[in-house]
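Reckoned from all heavy atoms, side chains included, excluding hydrogens, waters and symmetry mates.
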Amino acid sequence: FPSAVDNLAHIAGLEVPREELSPQQQVKQERRKTIYDLMEQVSTYYQKQLRVDPQSQRAIDYLKRRGLSGRIARDFNIGFAPPGWDNLLKTFGDTDEHKHQLIDAGMLIEKEDGKLYDRFRDRIMFPIRDNRGRVIAFGGRVLGDDKPKYLNSPETDIFHKGKELYGLYQARQNNRHLEQLLVVEGYMDVVALAQHGITTGIATLGTASNTEHLRTAFRYASELIFCFDGDAAGRKAAERALENALPVMEDGRRIRFLFLPEGDDPDSVVNRDGATGFQKLLAGAAPLERYFFESLHEQTDPDTLEGKARLSKLALPRLKLLPDGVFRQLMLDSLAERTGLSRQSIDQLLNDTEAAPVEDQAVKPAAPEQRRNTAQKLTAKLPGTRRDPLLFALAMLLYNPRAAATSTANVGDAEASPAAALLSN
């Protein structure tokens, strides 16, 4: 139950009130709260520098050239990190404790000789917010010729770039009932779309979209549209996105793929053609099933027997990534139709590429040590479950019902816990 509450609170962007915390937990919670507060102050500092720093005019001119207004810059809290190695250090690092907090937040870099300097210098700053609206990191766009062009905060206790999505908080704030999210590549794409009234844009943070990103996005919307450049790099990125999308395609979810003309990105299209022009392109985005088979057809010749055989060989390992459900069955039906094979033959080929089903494994139960190791792997990723015998037993039960029924594992005092009593029976 506590885990369920934590998950729901995370989705809703709420803090779970806790009556009793261990001293260690209290210290960790206070430390994190202090870092959140500090990051908000840093964001405010960068926004102020965009207005008052003598060298900020270059940043303002750049934003204007990209078609951004002062209002949208304010809505996304865009700021400016002035040139210099120690502006942030001098402003917020007045004590050793504050310096360590800035290091922990990824805002200062410590050299081998112990000297500190600002991570972000002479860059347009985009604060990254979590689902509760707290500033957890920054992305900085260079104004000169420095590399990289975009620099993100490093991984910290409060920021994990493999899970966070830029613009998701703003999309939720601007859409009471969020049905669709548009996955684009950069900060400027998200902001430019929002300026033209398309407030559903989100972007990954310097990495390709992964399965965790998609699970996060699907918590808030039932449809995702990937938007890629039409060049070779865009096609390659789309292939990676497709691979990551298949495991999360549960029934009721929808994914589409939009390829823009070569040389265009969402920022340039929406500034040139407006929201109406961009929406027309979105309307033509290809559903996942169409893009899936069209991309494979480019690698095969489905008009020949050899091509049909290759199509099935390429498609089946990918289709087995789909969760069980109606969509998976329909995709297998479509493969059967395209290859001329019967569904029975497709199912047999699919089974040949998969491990034996749970029911077959249960006929010959795995050794107790093997079952125990598997359950430990299943529970290792769930916070608080590794030492909880009840949740450990549930993991075994879900993994292998028949074998778990023969287990002699001690699940606790049946008289003290209704759950333990249920499992003991």
Side-chain angles (χ1 to χ4, degrees), residues 160-166 168 180-186 189 201-260 262 265-266 282 285-300 302 307-336 338-339 346-347 349-355 377 381:
H160 306 285
K161 64 181 179 181
K163 297 181 179 180
E164 302 295 340
L165 291 161
Y166 179 75
L168 180 58
Q180 176 192 95
L181 285 168
L182 177 59
V183 185
V184 295
E185 293 191 36
D189 293 325
I202 58 174
T204 56
L205 304 168
T207 62
S209 56
N210 58 40
T211 301
E212 190 64 32
H213 285 138
L214 303 187
R215 293 189 195 281
T216 298
F218 271 129
R219 290 174 182 168
Y220 305 102
S222 59
E223 180 182 44
L224 304 182
I225 300 180
F226 289 100
C227 186
F228 298 103
D229 296 345
D231 56 14
R235 293 284 173 178
K236 187 174 181 179
E239 283 293 320
R240 290 197 301 268
L242 176 63
E243 292 284 343
N244 290 320
L246 292 173
V248 302
M249 273 300 293
E250 299 174 6
D251 291 344
R253 293 176 174 177
R254 188 182 187 197
I255 290 179
R256 291 192 286 154
F257 291 80
L258 172 64
F259 292 95
L260 299 176
E262 189 166 352
D265 55 29
L282 288 180
L288 182 145
E289 61 270 21
R290 188 202 307 169
Y291 172 66
F292 178 88
F293 285 110
E294 286 180 353
S295 65
L296 293 181
H297 285 172
E298 293 176 358
Q299 306 173 50
T300 63
K308 293 179 188 294
R310 178 165 172 75
L311 174 61
S312 65
K313 184 175 182 178
L314 292 175
L316 285 171
R318 293 171 170 84
L319 292 180
K320 76 176 183 180
L321 298 174
L322 289 168
D324 288 335
V326 174
F327 181 73
R328 174 172 167 150
Q329 296 304 314
L330 292 174
M331 290 289 283
L332 293 172
D333 286 343
S334 182
L335 178 61
R338 293 167 188 270
T339 58
I346 291 292
D347 290 341
L349 290 170
L350 187 67
N351 289 335
D352 290 344
T353 65
E354 293 182 323
K377 292 179 181 178
K381 295 183 179 180

What orientation do H297 and F293 show, parallel under 30°, tilted 30 to 60°, or perpendicular over 60°?
->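 Ring orientation, 0 to 90° scale: tilted.
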What class does the angle between the rings of F259 and Y291 fall in, given that below 30° is parallel, 30 to 60° is tilted and above 60° is perpendicular?
->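 Tilted: the ring planes of F259 and Y291 meet at 30° to 60°.
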Check: [X] side chain, [Y] main-chain N or O, donor-acceptor pair, under 3.5 Å:
X    : Y    : result
H213 : K161 : yes
R310 : T300 : no
R256 : L282 : yes
D265 : D189 : no
N210 : E212 : yes
R253 : V248 : yes

For residues [X] and [Y], determine if any side-chain heavy atom of one lies less than 4.5 Å from a side-chain heavy atom of the other.
X    : Y    : result
P302 : R338 : no
T211 : R215 : yes
T204 : L165 : yes
D333 : I346 : no

Measuring from atom [atom1] of [X] to atom [atom2] of [Y], what distance do you get when rounded to the nearest 0.5 angstrom?
X    : Y    : atom1 : atom2 : value
R219 : L214 : CZ    : CG    : 11.5 Å
K236 : F228 : NZ    : CZ    : 13.5 Å
F226 : I255 : CZ    : CD1   : 5.0 Å
L205 : K163 : CG    : NZ    : 13.5 Å
L258 : L182 : CG    : CG    : 7.5 Å
L246 : F327 : CG    : CZ    : 8.0 Å

Least distance between heavy atoms, L314 atom then P317 atom =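 Of all heavy-atom pairs spanning L314 and P317, the closest is O-CD, 3.6 Å.
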